[in-house]
Amino acid sequence: MRKEDCIFCKIAAGEIPSTKVYEDDKILAFKDIAPQAPVHIVFIPKDHILSCADDITEENSAIIADIFVAIAKTAKQLGLDNGYRIINNCGEDGAQSVKHIHFHLLGGEKLSERIV
C-alpha cells in the first residue's frame, strides 16, 4: 500500500532522492536530512503503515521486527559498538513530522542521557 502524498512513500519509490544506507525488499534506511548526531539514519517499511507505534498491530508487527533486525545489522556495519539510540516519534506532542511509521537510529558519539 502506498499513500500518494507521503514523503517516505515517495522516497521508497525512488521519486525523491535519498542517501541509502540499507535496503531490502521490505525496508529502506537512509540518512536523515537534518541529522541530530554524527550517525542519524531513518528506517521505514516500504509499504505505508500509518503513523507510529500506536498503529502496530498483530498483522503488521512482523515488519517492525524486521526493521529492528535491520537496525542491528546497520549499527554493526557502521561500527556503533559503544551503543546507539532508537527513537520513534509518535503524534504531534511526540514531534512526529511524517505520518509513516519510522525509526531513527542515532549514534557515532556519546549521546546525552537526557533525551530532550
Side-chain angles (χ1 to χ4, degrees):
M1 173 194 275
R2 177 176 169 193
K3 191 170 178 186
E4 296 305 317
D5 60 345
C6 174
I7 190 169
F8 285 170
C9 286
K10 290 178 180 180
I11 290 171
E15 296 169 16
I16 295 175
S18 66
T19 304
K20 294 178 186 178
V21 176
Y22 176 91
E23 184 173 22
D24 64 25
D25 60 329
K26 299 180 280 187
I27 299 164
L28 177 64
F30 50 90
K31 291 184 178 182
D32 194 287
I33 61 169
Q36 304 297 306
V39 174
H40 187 166
I41 310 297
V42 178
F43 287 77
I44 64 169
K46 288 183 175 178
D47 287 338
H48 187 82
I49 296 177
L50 183 60
S51 211
C52 64
D54 286 347
D55 301 300
I56 298 172
T57 65
E58 289 182 25
E59 291 77 29
N60 65 25
S61 62
I63 189 65
I64 304 305
D66 292 341
I67 288 172
F68 274 77
V69 170
I71 289 171
K73 285 180 187 176
T74 302
K76 184 173 185 159
Q77 289 172 348
L78 294 174
L80 301 178
D81 300 325
N82 286 330
Y84 53 89
R85 183 173 292 154
I86 302 167
I87 297 174
N88 171 251
N89 298 332
C90 201
E92 186 176 332
D93 285 351
Q96 182 180 6
S97 59
V98 179
K99 304 294 188 211
H100 180 126
I101 197 163
H102 60 285
F103 298 87
H104 298 264
L105 168 64
L106 300 143
E109 68 184 5
K110 182 159 178 60
L111 300 173
S112 170
E113 289 184 25
R114 199 176 146 93
I115 295 175
V116 294

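Note that the coordinates shown come from a computational prediction; the quantities given were computed from them, not determined experimentally.
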Review point. Looking only at heavy atoms, which two atoms of G108 and P38 are closest? And how far apart?
Key: O-CG, 3.9 Å
Review point. Roughly how far apart are D32 CG and S18 OG, rounded to 0.5 Å?
Key: 11.0 Å
Exercise for review: Check whether any side-chain heavy atom of I44 sits under 4.5 Å from a side-chain heavy atom of F30, and report yes or no.
Suggested key: yes
Exercise for review: Might you work through the side-chain contact (heavy atoms from CB on, under 4.5 Å) test for K31 and I41, ending with a clear yes or no?
Suggested key: CA-CA 5 Å; K31 291 184 178 182; I41 310 297; 3.9 Å; yes
Point to revise | Within one Ile-Leu-Val-Met-Phe-Trp-Tyr cluster: F43 and I86, side-chain cutoff 4.5 Å | key: yes
**Study point:** Test item: I101 and P45 side chains (from C-beta on) under 4.5 Å apart, heavy atoms
**Key:** yes
Practice item. State whether the side chain of N88 and the backbone N or O of H102 hold a donor-acceptor pair below 3.5 Å, judged by distance alone. Key: yes
Point to revise | Gap separating the CD1 atom of I49 from the NE2 atom of H100, nearest 0.5 angstrom | key: 7.0 Å
Point to revise | Side chain proximity check, V98 to V42, heavy atoms < 4.5 angstrom | key: no
Practice item. Step through the shown structure and confirm whether more than 12 heavy atoms of other residues, nucleotides or ligands are within 6.0 Å of CD on E109. Key: yes
Review point. Is there a side-chain contact between L28 and K20, using heavy atoms and a 4.5 Å cut-off?
Key: yes
Review point. Partners of Y22 by ring pair (Phe, Tyr, Trp, His ring centres under 6.0 Å), sequence neighbours excluded?
Key: none
Exercise for review: Might you point out which heavy atoms bring L106 and Q36 nearest each other, and give the distance in Å?
Suggested key: CD2-CB, 3.9 Å
Practice item. Consider only side-chain heavy atoms of I, L, V, M, F, W and Y, link residues closer than 4.5 Å, and tell whether I63 and F68 are in one cluster. Key: yes
Review point. Rounded to the nearest 0.5 Å, how far does CG of D66 lie from CD1 of I27?
Key: 5.0 Å
Practice item. Would you confirm whether R85, through its side chain, and S112, through its main-chain N or O, come within 3.5 Å as a donor-acceptor pair? Key: yes
Revision key, fill the gap. C52 and Q96 have their tightest heavy-atom pair at CB-OE1, 3.6 Å
Practice item. Could you walk me through whether L78 and Y84 pass the side-chain contact (heavy atoms from CB on, under 4.5 Å) test, one step at a time? Key: CA-CA 11 Å; L78 294 174; Y84 53 89; over 6 Å; no
Point to revise | Closest non-hydrogen atom pair between E92 and K99, with its separation | key: N-NZ, 4.5 Å
Point to revise | Side-chain donor/acceptor of H40 to backbone N/O of I33, under 3.5 Å | key: no
Exercise for review: Look only at the side chain of D55 and the backbone of N60, and say whether a donor-acceptor pair between them is shorter than 3.5 Å.
Suggested key: no
Point to revise | Distance in Å, K110 NZ paired with N82 CG, rounded so as to fall on 0.5 Å steps | key: 9.0 Å
**Study point:** Rounded distance [0.5 Å steps], SG in C6 versus CD1 in I16
**Key:** 9.0 Å
Point to revise | Note, T74 side chain near V21 side chain (heavy atom, < 4.5 Å) | key: yes
Point to revise | Derivation of the side-chain contact (heavy atoms from CB on, under 4.5 Å) call for F103 and I64 | key: CA-CA 10 Å; F103 298 87; I64 304 305; 4.1 Å; yes
